[in-house]
2 protein chains.
Amino acid sequence: MTGQVRTVDGRVAGRRGQETRQKLLDCLREMLSTSPYRDVKVIDVARMAGTSPATFYQYFPDVEGAVLEIAEEMAKDADTLKELVAGKSWAGKSGPTTSEELVDGFLAFWRKNDAILRVVTLGAAEGDKRFFKIRMTVLNAVAKPLAEAVKELQAKGQADKSLDPNAVAGALVSLLASAAEHQKAFTSWGVKVKDLKPNLAPLVYLGVTGKKPPK
Amino acid sequence: MTGQVRTVDGRVAGRRGQETRQKLLDCLREMLSTSPYRDVKVIDVARMAGTSPATFYQYFPDVEGAVLEIAEEMAKDADTLKELVAGKSWAGKSGPTTSEELVDGFLAFWRKNDAILRVVTLGAAEGDKRFFKIRMTVLNAVAKPLAEAVKELQAKGQADKSLDPNAVAGALVSLLASAAEHQKAFTSWGVKVKDLKPNLAPLVYLGVTGKKPPK
DNA sequence: CGGTAAGCTGACGGCATGACAGGACAAGTT
DNA sequence: AACTTGTCCTGTCATGCCGTCAGCTTACCG
């Protein structure tokens with residue numbers, strides 16, 4: 001099914017090898033969250049994992065390759081984000097609740113993976129297709145069901161039909177991603193972290209339904 | 001007034017020196033837009049500028065230092081973004097126009113400086129205060145006047161007072177920044193680049209005024 | 001024309017990269 | 001216990017970039 005884990009030179013990795021490999025990934029992850037991406041060196045990761053640079057190169061072609069690995073793992077995890085929107089109702093009083101839970105869940109996910117997402121975001125912005133794809137996987141977990149919700153509301157005549165559902169959903173997800181990545185910016189605008197959710201949620205509701213949230 | 005340009009070892013740069021310095025900055029800028037940030041090396045920049053690495057280190061402490069220089073230049077330029085919002089009306093038919101011009105102007109600015117902004121965004125996300133400050137300067141050029149506009153509308157009773165004007169303005173600017181940086185994502189959602197403006201503008205209008213744009 | 005400061009680079013030690021061959025190790029076989 | 005086999009790790013090496021310095025060249029000025 002899933003091809004076995006292999007070393008760069010084609011050998012199949014056994015139990016011990018996979019452990020080392022995993023430890024390297026863990027250390028890299030740790031490294032990414034403590035130092036600037038540009039300064040992450042193979043030798044530091046190897047040292048932290050109690051092994052040598054040569055070992056690192058047995059399992060990964062370079063730092064980027066290992067980062068991609070971590071990112072793909074995270075992308076799988078992003079599947080759980082779907083639940084935040086799929087099957088939820090935007091009608092009546094439950095609408096604002098749906099919106100709040102979406103904002104909350106999304107911010108939590110981003111915060112949990114912020115270091116790796118930073119690198120993914122950069123890679124995607126730089127035009128790297130592999131990183132772009134991973135970023136889309138994460139965003140789509142929310143954007144796709146969100147676009148569906150908008151479509152449904154439009155069909156029922158409860159939302160502005162002149163807007164492209166995909167564009168609206170995409171914009172809202174972009175907003176959430178940006179807000180999550182740069183929470184500090186909001187702090188400097190005088191918006192406390194705990195006020196982020198109550199302020200973003202109405203905007204999401206507004207975007208999806210096109211009308212003010214009911215009190 | 002503005003302290004003269006100085007080399008790393010304290011000498012004042014003369015005409016010729018400033019030219020070399022500028023050429024290095026130009027080449028670095030070029031480099032940033034063609035290769036991943038992580039792979040930009042001093043030696044490549046120097047080679048492109050027809051000089052030696054040692055010369056680079058005369059004018060800049062490292063790559064990051066030079067990038068900061070470029071970014072600060074751009075931040076000054078961002079002052080023009082203020083005109084997009086300051087003194088503009090959100091009432092009646094002019095509201096949607098204001099919104100469209102804002103989206104258009106902002107996207108254009110971002111596109112023009114996308115390479116350097118990518119790095120600034122990364123630096124800010126990584127917690128580097130210098131990059132964070134520069135990013136805030138750019139965003140504030142739009143966010144500050146936008147927050148003022150929201151405040152005014154709230155005072156006139158034309159907008160929802162339960163929302164924090166700073167939060168709303170910040171969120172909208174974040175949205176624009178994210179959309180600008182990841183236009184490709186929208187393409188992959190089936191939203192063409194030329195459809196970006198007509199789809200983002202109503203959202204901005206909606207966020208600022210809290211109501212649907214008039215036809 | 002000589003003095004002074006600016007401007008540039010060759011050269012160097014130091015460190016990261018990336019490849020390889022060979023030794024250590026675990027587990028099963030005879 | 002000796003042997004075999006395949007996995008796993010590392011010492012070592014060539015290469016290339018980093019960042020610094022001494023020293024050479026160039027420009028300007030009295």
* Quick one: label B:Arg16 by what it contacts on the DNA or RNA (base, sugar-phosphate, nothing), any heavy atom closer than 4.0 Å. => sugar-phosphate
* To do: With a 4.0 angstrom cut-off to heavy atoms of chain B, pull out the first and last contacting nucleotide of DNA chain C, in 5'-to-3' order.
  => C:dA6 to C:dG10
* With sugar-phosphate meaning primed atoms plus P, OP1 and OP2, does B:Thr7 contact a base, only sugar-phosphate, or nothing at under 4.0 Å between heavy atoms? -> nothing
* Asked: Quick one: how far along DNA chain D does chain B reach, first to last nucleotide 5' to 3', anything under 4.0 Å to a heavy atom?
  -> D:dC17 to D:dC21
* **ring-ring contact (aromatic ring centres under 6.0 Å, His included) partners of residues 117-136 of chain B, not counting sequence neighbours, each pair once** => none
* **A:Glu64/B:Arg38 under salt bridge (charged side-chain N to carboxylate O under 4.0 Å, His left out): CA gap, chis, key distance, verdict** => CA-CA 10 Å; A:Glu64 207 187 58; B:Arg38 205 169 192 283; over 6 Å; no
* **Salt bridge flag under 4.0 Å for residues A:Lys82 and A:Asp79** => yes
* Please work out which of the three classes, parallel, tilted or perpendicular, describes the rings of B:Trp189 and B:Phe186, given edges at 30° and 60°. => perpendicular
* Asked: Which part of the nucleic acid, if any, lies within contact of B:Tyr59, taking any heavy atom under 4.0 Å across all strands shown: a base, the sugar-phosphate backbone alone, or nothing?
  -> sugar-phosphate
* Whether A:Thr98 side chain and A:Ser89 backbone form a donor-acceptor pair below 3.5 Å -> yes
* Residue met sooner reading DNA chain D from 5', once B:Lys41 and B:Gln58 are mapped to nucleotides -> B:Lys41
* Asked: Does B:Arg47 pair with B:Asp44 as a salt bridge, N-O distance under 4.0 Å?
  -> yes
* Lys/Arg-Asp/Glu bridge criterion (N-O < 4.0 Å) met for B:Glu19, B:Arg16 -> no
* Structure fact -> Closest non-hydrogen contact found for B:Ser174 with A:Leu175 is CB-CD1, 4.4 Å
* Residue mapping more 5' on DNA chain D - nearest nucleotide basis, B:Asp62 or A:Thr51 -> A:Thr51
